[in-house]
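Proteins come first, then strands; the chains are lettered A, B, ... in the order of their sequence lines, and each starts at number 1.
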There are 2 protein chains.
Amino acid sequence: MINCTEILRQHHLKATPQRVEIAQTLHTNGHMNIENLYEVLLKKFRTISLATIYKNIHVMTKNGFIQEVKIPAHKSVYELSKGTHSHLVCTQCHSIEDITLDLTYPKESVLKRSSFLVEKTDLILSGLCSKCQKL
Amino acid sequence: MINCTEILRQHHLKATPQRVEIAQTLHTNGHMNIENLYEVLLKKFRTISLATIYKNIHVMTKNGFIQEVKIPAHKSVYELSKGTHSHLVCTQCHSIEDITLDLTYPKESVLKRSSFLVEKTDLILSGLCSKCQKL
DNA sequence: CTGGGTGCAAAGTATTTGCATGAAC
DNA sequence: GTTCATGCAAATACTTTGCACCCAG
């Protein structure tokens, strides 16, 4: 449980019940797509609309409160912004796990070989999670 | 210029003029989204339909002839399959460049710290290309 | 020939927008 | 009280499907 009301305000967003719940849900469940989020929020707000979800995801993404993660062959999922990290995505059960990896070498390699200025990295590792390897 | 007819057949795809042109266009232009591809192909085939593009992108992706690349804040782009590589994406001019980076360290780190079996990596580096840095 | 591809139109899905009402601050 | 969010409905955008006709092999 986190204090979403406060965090939302710090991001210059009015802390409506819907927003608090979106933030709380993303915090609890980790990574969710729009559909999942809608299903979960419906339990709390019987009349919430997809438009509300979309509008909020949009402003929250724009101001950096949350981030979109694009995964091959998946719908986009959203997560609360936090330090740079990578994602382990199981191609079997579709679970998504965070992992913090050191990308110093690849980044230095870019520096040496091109004049591109790296500001952000998104690394998705797809494969089999431990459970699915055993099946 | 490459021999797309032959390459398509090797992938068990009938080499229709539309397919040959899709392959050739992706080879020439590097990374393209559906819209770009459609615009370019319209010049060659005045009656080609989006449905044809979508259907072909679909079968070609499924059989591994081409690959979808999902880039934050971009529409998906497609490229001819080739060895594993990463992408440098300029947040200013939206150019996309390939670069081959050594991901041995991050991969070993996954091995040591989890039992996840990595089969595929997708690394997107976003930032400023050399041209946009000078503006 | 024959299977599969093409292009059109229609359907399906996803996302955005306009607007009246209502809630946050 | 003012500003901005919500929820509905409609509009738009994106993608898939069905089908008659046609072409690559």
Determine all donor-acceptor pairs shorter than 3.5 Å in which one atom belongs to a side chain in residues 78-87 of chain A; sequence neighbours excluded.
unit_1: Glu79(A); atom_1: OE1; unit_2: His31(A); atom_2: NE2; d: 2.9
unit_1: Glu79(A); atom_1: OE1; unit_2: His85(A); atom_2: NE2; d: 3.4
unit_1: Glu79(A); atom_1: OE1; unit_2: His87(A); atom_2: NE2; d: 3.0
unit_1: Glu79(A); atom_1: OE2; unit_2: His85(A); atom_2: NE2; d: 3.1
unit_1: Ser81(A); atom_1: OG; unit_2: Gly64(A); atom_2: O; d: 2.7
unit_1: Ser81(A); atom_1: OG; unit_2: Phe65(A); atom_2: O; d: 3.3
unit_1: Lys82(A); atom_1: NZ; unit_2: Asp98(A); atom_2: OD2; d: 2.5
unit_1: His85(A); atom_1: ND1; unit_2: Gly83(A); atom_2: O; d: 2.8
unit_1: His85(A); atom_1: NE2; unit_2: His87(A); atom_2: NE2; d: 3.2
unit_1: His85(A); atom_1: NE2; unit_2: Asp98(A); atom_2: OD1; d: 3.4
unit_1: His87(A); atom_1: NE2; unit_2: His31(A); atom_2: NE2; d: 3.4
unit_1: His87(A); atom_1: NE2; unit_2: Asp98(A); atom_2: OD1; d: 3.2

Name each donor-acceptor pair under 3.5 Å that joins a side chain in residues 35-48 of chain A to protein atoms two or more places apart or in another chain, with its distance.
unit_1: Glu35(A); atom_1: OE1; unit_2: Lys75(A); atom_2: NZ; d: 2.4
unit_1: Asn36(A); atom_1: ND2; unit_2: Asn33(A); atom_2: OD1; d: 3.3

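In terms of position along DNA chain D, the nucleotide closest to Lys14(A) lies nearer the 5' end than the nucleotide closest to the other residue of the pair Thr5(B) and Lys14(A). Residue order along DNA chain D, read from the 5' end via each residue's closest nucleotide, puts His12(A) first among His12(A) and Ala15(B).
Residues in residues 1-14 of chain A take part in no salt bridge (Lys or Arg N to Asp or Glu O under 4.0 Å) pair, two or more places apart or across chains. The list of ring-ring contact (aromatic ring centres under 6.0 Å, His included) pairs with a residue in residues 114-135 of chain A, not counting sequence neighbours, is empty. Listed by first and then second residue, the salt bridge (Lys or Arg N to Asp or Glu O under 4.0 Å) pairs involving residues 114-135 of chain A are Lys120(A)-Asp122(A) (not counting sequence neighbours). Screening residues 61-70 of chain B for side chain to side chain donor-acceptor pair (under 3.5 Å), with sequence neighbours left out, gives Glu68(B)-Ser76(B).
Here the side chains of Pro106(B) and Asp102(A) are not in contact, with every heavy-atom distance at 4.5 Å or above.
Residues from residues 17-32 of chain A with heavy atoms under 4.0 angstrom of DNA chain D, sorted by number: Gln18(A), Arg19(A). DNA chain D is contacted by Thr47(A), Ile48(A), Ser49(A), Ala51(A), Thr52(A), Lys55(A), Asn56(A) of residues 33-63 of chain A, taking any non-hydrogen atom closer than 4.0 Å.
Nucleotides of DNA chain D with any atom under 4.0 Å from a heavy atom of chain B span, from 5' to 3', dC14(D) to dG25(D).
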N/O-N/O pairs, protein side and nucleotides 11-13 of chain C side, under 3.5 Å:
none

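We find that NE2 of His11(A) is positioned 19 Å from C1' of dA24(C), with the value rounded to whole Å.
By the neighbour-count criterion of 12 heavy atoms within 6.0 Å, atom CD of Gln92(A) is sparsely surrounded, having that number or fewer from other residues, nucleotides or ligands.
Judged purely by atom type and a 3.5 angstrom limit, Thr91(B) uses its side chain to pair as donor or acceptor with the backbone of Gly127(B). Within the 3.5 Å criterion, the main-chain N or O of Leu101(A) finds no donor-acceptor partner in the side chain of Arg113(B).
Checked against ring pair (Phe, Tyr, Trp, His ring centres under 6.0 Å), His94(A) has the following partners two or more places apart in sequence or in another chain: His74(A).
For the atom pair CG of Asn3(A) and CD of Gln10(A), the computed distance is 8.5 Å after rounding to the nearest 0.5 Å.
A donor-acceptor pair shorter than 3.5 Å cannot be found between the side chains of Thr28(B) and Thr25(B).
The bend of the helix from dC1(C)-dG25(D) to dC25(C)-dG1(D), defined by the angle between the axes of its first five and last five pairs, stands at 50° to the nearest 10°.
The hydrophobic cluster containing Val110(B) does not contain Ile124(A), counting ILVMFWY residues as joined when their side-chain heavy atoms lie under 4.5 angstrom apart, directly or transitively. Hydrophobic clustering (ILVMFWY, side-chain heavy atoms < 4.5 Å, transitive): Tyr105(B) and Leu88(A) are in distinct clusters.
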